[in-house]
Amino acid sequence: MAYDYEWFKKTIFDLTKIDLNAYKEKQMKRRIDTLISKNGISGYDKYVALIKENNTKFEEFVNYLTINVSEFYRNTDQWQVMDKEIIPGLISRFGKHLKIWSAACSTGDEPYSLVMALSRHIPLDQIKIHATDLDKQVIAKAKVGLYNEKSIAGVPDDLKRKYFTKVGLSYQISDEIKKRVEFSQHNLLKDNYGDGWHMIVCRNVLIYFTEEAKDEVFVKFQKSLASKGVLFIGSTEQIINYKDIGYTRKNSFFYEKP
């Protein structure tokens, strides 16, 4: 048997249900080869044997596969649009009990940013964000809620003073923000999306997917949004065929389901 990358992709799918075919191959293969080398192993078969028998190495592999580059209020101009246009529009259409999903939420920067942005318009005790990620390790970090200075640089000063406490060189987000977010594990390529979402936020993750996988996810998002619900994507992304999928574009990063 040839223990090549094709074999590895199939074996990993059987083991984890993570479909490596959905990721850009050259980039993902390079990341995996680097990780195998770091473990002092040569060959995909030996690496598979390692992650099967060593749970720590298995978790390390899943963590390494996922791209965790995140920060609060990333691309602040888009969050200003969120504050001035998107949130008021959602409240006028759906009321203050909004159903919001932060998909591929990484270390929690995005769902916590959403809570803070919403808190300017809605009492905190009425806010609930459903946040998901493939990686259990980053979800664990998100639940701790401890961030470095660079991560929170984009947070408006009044919210930074109100909701963060300095702990050594780090910043701890307040429990009152943390308890407005419910975290769970979710695979965008395999799991159910639910329905009736008033807003879905998925930013700077799909750039690592193939065009086919991106389209599949954007179609699923569209189907799972409520009518007049909004999808918020990242500054490195665009939905070129948004009309074909069934969106109207509010601006470059916000798309609405008619």
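- Applying the side-chain hydrogen bond (donor to acceptor under 3.5 Å, both in side chains) test to pairs two or more places apart or on separate chains, those with a residue in residues 145-160 are Arg120-Asp158, Asn148-Ser151.
- A salt bridge between Lys220 and Glu216 is present, with a side-chain N of the basic residue lying under 4.0 Å from a carboxylate O of the acidic one.
- Taking the side chain as every heavy atom from C-beta outward, Asn204 and Arg74 approach each other to under 4.5 Å.
- Under the 3.5 Å distance criterion, the side-chain polar atoms of Tyr47 are left unmatched by any main-chain donor or acceptor of Asn39.
- The aromatic rings of Phe232 and Phe254 sit parallel to each other, their planes meeting at less than 30°, with 60° as the upper class boundary.
- In terms of modelled atom types and a separation under 3.5 Å, the side chain of Glu237 and the main chain of Gly234 share a donor-acceptor contact.
- The side-chain hydrogen bond (donor to acceptor under 3.5 Å, both in side chains) pairs that include a residue from residues 248-258 are Lys250-Glu256, where partners are two or more places apart or lie in different chains.
- Listed for the Ser37 side chain is no donor-acceptor partner under 3.5 Å among the backbone atoms of Thr34.
- Cluster annotation: Phe13 is not connected to Val217 through the hydrophobic network of ILVMFWY side chains, with a link wherever side-chain heavy atoms come within less than 4.5 Å.
- The side chain to side chain contact (heavy atoms under 4.5 Å, CB included) check on Ser113 picks up Phe72, Tyr73, Trp79, with sequence neighbours excluded.
- Summarising the geometry of Gln137 relative to Glu60, their closest heavy-atom pair is NE2-N, 3.7 Å, with the distance given to 0.1 Å.
- Distance alone, capped at 3.5 Å, is enough to place a donor-acceptor pair between the His186 side chain and the Asn192 backbone.
- Taking 4.5 Å as the limit, every side-chain heavy atom of Phe253 sits out of range of all side-chain heavy atoms of Asn75.
- Relative orientation of the Phe221 and Tyr193 rings is tilted, given thresholds of 30° and 60° on the angle between their planes.
- Within the 4.5 Å cutoff, the side chain of Asn21 has no heavy atoms near those of the Thr210 side chain.
- Considering only residues two or more places apart in sequence or on other chains, Gln172 meets the side-chain hydrogen bond (donor to acceptor under 3.5 Å, both in side chains) condition with none of them.
- Counting heavy atoms from C-beta outward, Phe61 and Leu50 have side chains that stay 4.5 Å or more apart.
- Taking Asp33 as the reference, Lys29 meet the salt bridge (Lys or Arg N to Asp or Glu O under 4.0 Å) condition, with sequence neighbours excluded.
- Within a 6.0 Å radius of NZ in Lys166, more than 12 heavy atoms belonging to other residues, nucleotides or ligands are found.
- For the pair Asn241/Phe218, no side-chain contact is recorded, criterion being any heavy-atom separation below 4.5 Å from C-beta on.
- No side-chain heavy atom of Gln222 sits less than 4.5 Å from a side-chain heavy atom of Leu231.
- Side-chain contact check for Met199 versus Met82: some heavy-atom pair is nearer than 4.5 Å.
- Within a 6.0 Å radius of NZ in Lys190, other residues, nucleotides and ligands contribute more than 12 heavy atoms.
- Contact annotation: the side chain of Ser102 never approaches that of Val181 to less than 4.5 Å [non-hydrogen atoms, C-beta and beyond].
- For the atom pair CG of Asp135 and CG of Asn187, the computed distance is 11.5 Å after rounding to the nearest 0.5 Å.
- Evaluation of the side-chain hydrogen bond (donor to acceptor under 3.5 Å, both in side chains) test over residues 80-99, restricted to residues two or more places apart or in two chains, returns Asp83-His121.
- Under a hydrophobic-cluster definition in which Ile, Leu, Val, Met, Phe, Trp and Tyr are linked whenever side-chain heavy atoms come within less than 4.5 Å, directly or via other members, Val144 and Ile139 are assigned to different clusters.
- Using cut-offs of 30° and 60° for the angle between ring planes, the Trp7 and Tyr3 rings count as perpendicular.
- Transitive grouping of hydrophobic side chains (ILVMFWY, heavy atoms separated by less than 4.5 Å) keeps Leu146 and Phe183 in distinct clusters.
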